[in-house]
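Worksheet: one structure, shown below.
The structure presented is a predicted model; accordingly, all values stated were derived computationally and were not measured. In the text below, chain A, chain B and the rest are named by the order of the sequence lines, each starting its count at 1.
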Protein chains: 2
Amino acid sequence: MAAHISLLDPGRLFGLRYIAMKDVTCPDSPLADLCRQRGLKLTGQRRTIAFVLSDSDDHPDVEELYRRAVAVDPRISIATVYRTVRLFEENGILQRRDFGGGRARYEVADGEHSDHYHLIDASTGKVIEFENAELNALLDSIVREKGYDLVTTRLSIVGRRKAGGED
Amino acid sequence: MAAHISLLDPGRLFGLRYIAMKDVTCPDSPLADLCRQRGLKLTGQRRTIAFVLSDSDDHPDVEELYRRAVAVDPRISIATVYRTVRLFEENGILQRRDFGGGRARYEVADGEHSDHYHLIDASTGKVIEFENAELNALLDSIVREKGYDLVTTRLSIVGRRKAGGED
DNA sequence: CGTATTAATGAGAAGGATTATCAATTGCAA
DNA sequence: TTGCAATTGATAATCCTTCTCATTAATACG
Ligand SMILES: [Mn+2]
Ligand SMILES: [Mn+2]
Ligand SMILES: [Zn+2]
Ligand SMILES: [Zn+2]
């Protein structure tokens with residue numbers, strides 16, 4: 001039916017505009033590659049969400065991810081964002097966080113950035129990440145001493161900026 | 001209308017059964033006293049919930065509290081359990097915990113039992129409480145070093161029982 | 001003690017976050 | 001290119017929690 005069309009240069013046929021709206025989404029990203037490596041089907045929506053996540057260095061919730069994804073490719077629904085975020089978490093690509101407030105938040109499960117904790121500013125809600133080897137060791141020893149292997153540490157500290165403390 | 005009846009001994013009038021179902025709920029409890037101390041109206045339902053909480057040493061969710069409360073006094077609704085649990089938390093009588101699973105869990109905000117942490121058995125869901133002064137100090141110093149005062153520490157560790165580890 | 005006032009309750013509707021359903025679409029292996 | 005299983009979009013359903021509002025009950029005051 002459209003066999004003869006595919007032999008032509010799409011850019012010269014009906015003009016770039018139509019082709020662009022139909023096929024171009026966003027470039028591949030480190031997370032898109034991870035997606036392939038895990039044998040997950042790389043759909044346009046997943047490529048977009050992977051792109052948005054690779055581009056984020058904060059802790060967005062699903063609504064926020066949806067906003068960012070729609071800005072890249074409007075052909076996406078929030079249901080797919082929920083599904084993708086769950087899929088990525090089950091495959092170790094994303095980490096789910098709970099900072100209170102009732103919505104899950106996500107960040108890339110980066111290798112070296114992996115074992116970090118979160119301090120939350122009580123007034124602004126700003127999230128400050130930190131690593132601490134001593135804390136890692138102490139938690140591990142506490143758990144081991146009770147006859148357990150540490151599986152997951154869920155820690156978030158709420159703090160209030162000190163009066164005289166300029167950062 | 002019932003004025004002359006109230007002058008009689010209720011236990012001798014219609015028999016204990018009727019009077020008991022109408023008026024007797026449960027004895028006062030340490031938490032019921034706290035309720036009074038804070039100037040909160042001490043309703044029958046609140047006395048019952050306070051009694052159930054004073055009698056618990058675990059981390060029940062609202063459904064579980066409702067079950068325990070109904071066993072003491074059937075004249076209670078789950079809406080009231082939700083309301084009371086929130087009221088008690090706002091007044092520092094209860095602490096809300098989040099062990100994952102989507103439902104809030106509660107425990108009495110006991111003075112000396114206050115600064116403890118939770119280790120959750122990954123297989124059974126069993127909650128193991130522990131205190132650790134070194135952990136207290138380390139968390140405090142981490143937060144202070146970043147220019148903050150520690151407000152709340154939300155920590156729960158998920159662990160798996162070690163293979164050769166008999167408790 | 002009886003009454004008035006005001007807050008609390010019960011039942012169920014509403015809300016917010018997340019998951020499930022299902023017909024239509026699409027990635028991808030052959 | 002085709003075929004098919006997996007994915008998607010739209011929206012209903014679910015789960016936990018809060019809200020609404022008419023009824024009931026606790027407390028202060030006489
Ligand atoms: Mn939570
Ligand atoms: Mn609803
Ligand atoms: Zn982080
Ligand atoms: Zn506890």
- Message: For Glu131(A), is the CD atom crowded, meaning more than 12 foreign heavy atoms sit under 6.0 Å from it?
- Response: yes
- Item | Check: Arg46(B)/Thr84(B) side-chain N/O donor and acceptor closer than 3.5 Å |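 Note: Arg46(B) and Thr84(B) side chains miss the donor-acceptor criterion.
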Can you name the atoms? Protein N/O to nucleotides 22-30 of chain C N/O, anything below 3.5 Å, with the distance.
from, atom 1, to, atom 2, distance (Å)
dC28(C), OP1, Leu42(A), N, 2.9

- Looking only at atom types and distance, does a side-chain atom of Lys126(B) sit under 3.5 Å from a main-chain N or O of Ile120(B), one as donor and one as acceptor? no
- Heavy-atom donor-acceptor pair, Ser54(A) side chain to Phe51(A) backbone, under 3.5 Å: no
Figure out the [atom1]/[atom2] separation between [X] and [N], and round it to whole Å.
{"X": "Tyr82(A)", "N": "dT11(D)", "atom1": "OH", "atom2": "P", "result": "17 Å"}
{"X": "Asp98(B)", "N": "dA17(C)", "atom1": "CG", "atom2": "C1'", "result": "14 Å"}
{"X": "Ile78(A)", "N": "dG16(C)", "atom1": "CD1", "atom2": "C1'", "result": "12 Å"}
{"X": "Arg103(A)", "N": "dT19(C)", "atom1": "CZ", "atom2": "P", "result": "14 Å"}
{"X": "Arg97(A)", "N": "dA17(C)", "atom1": "CZ", "atom2": "P", "result": "21 Å"}
{"X": "Phe99(A)", "N": "dA17(C)", "atom1": "CZ", "atom2": "C1'", "result": "18 Å"}
{"X": "Leu87(B)", "N": "dA8(C)", "atom1": "CG", "atom2": "P", "result": "8 Å"}
{"X": "Arg96(A)", "N": "dT19(C)", "atom1": "CZ", "atom2": "C1'", "result": "12 Å"}

- Query: Below 4.0 angstrom, N of the basic side chain to O of the carboxylate: do Asp121(A) and Arg161(A) qualify?
  - Reply: yes
Taking all non-hydrogen atoms of both residues into account, name the closest pair between [X] and [Y] and its distance.
{"X": "Ser123(A)", "Y": "Arg160(A)", "answer": "OG-NH1, 3.8 Å"}
{"X": "Gln45(A)", "Y": "Thr80(A)", "answer": "CB-CG2, 3.9 Å"}
{"X": "Thr152(B)", "Y": "Leu150(B)", "answer": "N-CD2, 3.7 Å"}

- Task: Go through dG9(D), dT18(C), dG10(C) for me and flag the one nearest to the Ala79(A) side chain.
- Result: dG9(D)
- Message: Which nucleotide wins on minimum distance to the side chain of Ile76(B), given the candidates dT17(D), dG10(C), dT8(D)?
- Response: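 Among dT17(D), dG10(C), dT8(D), the one nearest the side chain of Ile76(B) is dG10(C).
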- Task: Establish, with yes or no, whether the OP1 or OP2 oxygen of dA8(C) is under 4.0 angstrom from a side-chain nitrogen or oxygen of Arg46(B).
- Result: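 True: Arg46(B) side-chain N/O within range (under 4.0 Å) of dA8(C) OP1/OP2.
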- Query: For the helix from dC1(C)-dG30(D) to dA30(C)-dT1(D), what angle lies between the axis at the first five pairs and the axis at the last five pairs, to 10 degrees?
  - Reply: 30°
- Item | Ring centre gap for Phe99(B) and His59(B) strictly below 6.0 Å | yes
